[in-house]
Amino acid sequence: MLRHGNTHPYHWADKTMSVLRANQLEACEKDLASLPFRCLFDADCTDADAESFYQLSFFPREDRNAQSVSLHTVEQLRVRVLSSFAPELALLSPEEHDLMVRLVLFGGRLSLQDWEDLIPARSLVRRLWCRTTTENGIRILCMPHQLCASALLLLAGEGHKKIRDAVETVQESIDQSLYLMGMVQAAGPKLHLQSLLKDTYAENRPELIERMFYSGWDYIFDPQGRLILIHPGLADPDGMLSRIPAASGACSEMSPSAIQLASDSISDLESPLYEQMLFAIADAVRPELTPEDAVEDLIILAKQNVSFSDMKEVLSSLLVSIPTTEMTKALRDLSDRIPRWIWFSSSRVQ
């Protein structure tokens, strides 16, 4: 999702990854409630609905350089959606794909009782495949029968599986890069995926790859208009961008093997610190949080070079009791030894 808002004036306790995620999900829930309760493929959908469907879709962004502007019809939009359905289905973000599989297996109706499903559900609506409705206070994701049947056949095909293998390879590389650096230009992963998609029915579809990025990762645009993927715990992406020399881009290019090697090294270093912190706070975390999420919040703050005093304040906000000496020692070790994201590493202040 596009990251909105300026978190700079907030206390760090209000800028942890858990808080950022909760705010994002709350905004997504409100957004879903404002979307049409009718689908592009419903029988009672008319041309009077076409323009609203077009505006909520990914099409306006992709058509922004079009030479001519005209009103849209339902039939035009249906043809446009169906002509890309197979490659688009194969290029869903991981969360969208998981939700789509469950939706198809349940015959095109799925209760959205897990908050984590809201963001991929919103993206599936924006793709003009689905609609949402509310029944007895529960939000339901609905997919037209004709699309559901087509998706079921495509999901079972070898071509689809080959494309998903490529998507998973690039997804893993992106996630590792974001954990190592905090942000990454989308251009590199985009070219990587395009190379893997050669000779598949999803090749030469850069706009569908960008839709996957918009749906699957937090992102911003830099001053040059380039798409930048960001770690979900990065509290001030604009601040990080301001630290990066203009000539260097948002990150250095790394080969998949180099990314994997660096990721393994970081894991070896951080795992003992994670376990130490987890053991120290396991029975003292506020009931609405999990100890694992609390430790992850603290690690991501350390990567942003948050001061030890601010991290102590955050730790206190995560607990139902005053931090013990053991907790404070574990936090000090974590604060001192967690590797910073590269653009925060040059000015460490504890």
What I want to find out is whether Asp117 reaches Arg102 closely enough, with some N-O distance under 4.0 Å, to be called a salt bridge. yes
Do Lys303 and Tyr179 form a cation-pi contact, if we require the NZ or CZ to be under 6.0 Å from the six-membered ring centre and within 45 degrees of the ring's axis? yes
Where do His231 and Trp341 land on the ring pair (Phe, Tyr, Trp, His ring centres under 6.0 Å) test, with the steps shown first? CA-CA 11 Å; His231 191 280; Trp341 283 329; 5.2 Å; yes
Looking at Asp63 and Arg80, is any side-chain nitrogen of the basic one under 4.0 Å from a carboxylate oxygen of the acidic one? yes
So for atom CZ, which belongs to Phe106, do other residues, nucleotides or ligands contribute more than 12 heavy atoms lying within a distance under 6.0 Å? no
Mark yes or no for whether Arg164, through its side chain, and Ala90, through its backbone, hold a donor-acceptor pair below 3.5 Å. yes
Name the residue from Arg126, Glu210, Glu207 that meets the side chain to side chain contact (heavy atoms under 4.5 Å, CB included) definition with Phe58. Arg126
Distance, nearest 0.5 Å, that separates CG of Leu141 from CG of Leu118: 10.0 Å
Please determine if Glu270 and Arg337 form a salt bridge, counting it only when a charged side-chain N lies under 4.0 Å from a carboxylate O. no
How many angstroms lie between CG in Leu89 and OG in Ser150, if you round to the nearest 0.5 Å? 9.5 Å
Does NZ or CZ of Arg131 come closer than 6.0 Å to the centre of the six-membered ring of Phe37, within 45° of the ring's axis? no
Give a yes or no answer on whether the side chain of Glu275 reaches the backbone of Ser271 with a donor-acceptor pair at less than 3.5 Å. no
If you count every heavy atom of other residues, nucleotides or ligands that lies below 6.0 Å from Ile322 atom CD1, does the total exceed 12? no
Verdict with supporting geometry, Ser267 and Asp264, side-chain hydrogen bond (donor to acceptor under 3.5 Å, both in side chains): CA-CA 5 Å; Ser267 179; Asp264 291 342; over 6 Å; no
By ring pair (Phe, Tyr, Trp, His ring centres under 6.0 Å), which residues pair with Tyr214, not counting sequence neighbours? Tyr219
Crowded around Lys190 NZ? As in, over 12 foreign heavy atoms under 6.0 Å? yes
For residues 113-153, which residue pairs pass the ring pair (Phe, Tyr, Trp, His ring centres under 6.0 Å) check, not counting sequence neighbours? Phe85-Trp129
If only atom types and distance count, is the side chain of Ser195 paired as donor or acceptor with the main-chain N or O of His192 below 3.5 Å? yes
Rounding to 0.5 Å, atoms CD1 (Ile220) and CG (Leu241) come to a distance of 4.0 Å
Is there side-chain contact between Pro36 and Leu56, with heavy atoms separated by less than 4.5 Å? yes
Any side-chain to backbone donor/acceptor pair from Asp42 onto Cys45? Under 3.5 Å, distance only. no
Once you round to the nearest 0.5 Å, how far does OG1 of Thr200 lie from CG of Asp165? 11.5 Å
Measuring from atom CD of Gln176 to atom CD of Glu172, what distance do you get when rounded to the nearest 0.5 angstrom? 4.5 Å
Would you sort out whether Asp47 and Thr73 count as a side-chain hydrogen bond (donor to acceptor under 3.5 Å, both in side chains), showing the intermediate values? CA-CA 5 Å; Asp47 287 344; Thr73 68; 4.6 Å; no
Verdict with reasoning, Thr16 to Ser18, per side-chain hydrogen bond (donor to acceptor under 3.5 Å, both in side chains): CA-CA 5 Å; Thr16 64; Ser18 294; 4.9 Å; no
Quick one: pull up CG in Leu128 and OG in Ser57 and give me the separation to the nearest 0.5 Å. 5.0 Å
Could you please spell out the steps behind the side-chain hydrogen bond (donor to acceptor under 3.5 Å, both in side chains) verdict for Gln185 and Asp222? CA-CA 9 Å; Gln185 279 193 31; Asp222 71 7; 5.1 Å; no
Decide whether Leu152 and Met143 are clustered together by the hydrophobic rule: side chain heavy atoms of Ile, Leu, Val, Met, Phe, Trp, Tyr closer than 4.5 Å, transitively. yes
Evaluate the side-chain proximity of Gln276 to Leu334: yes if any heavy-atom separation is below 4.5 Å, no if none is. no
Six-ring centre of Phe308, Arg332 cation under 6.0 angstrom, axis tolerance 45°: yes
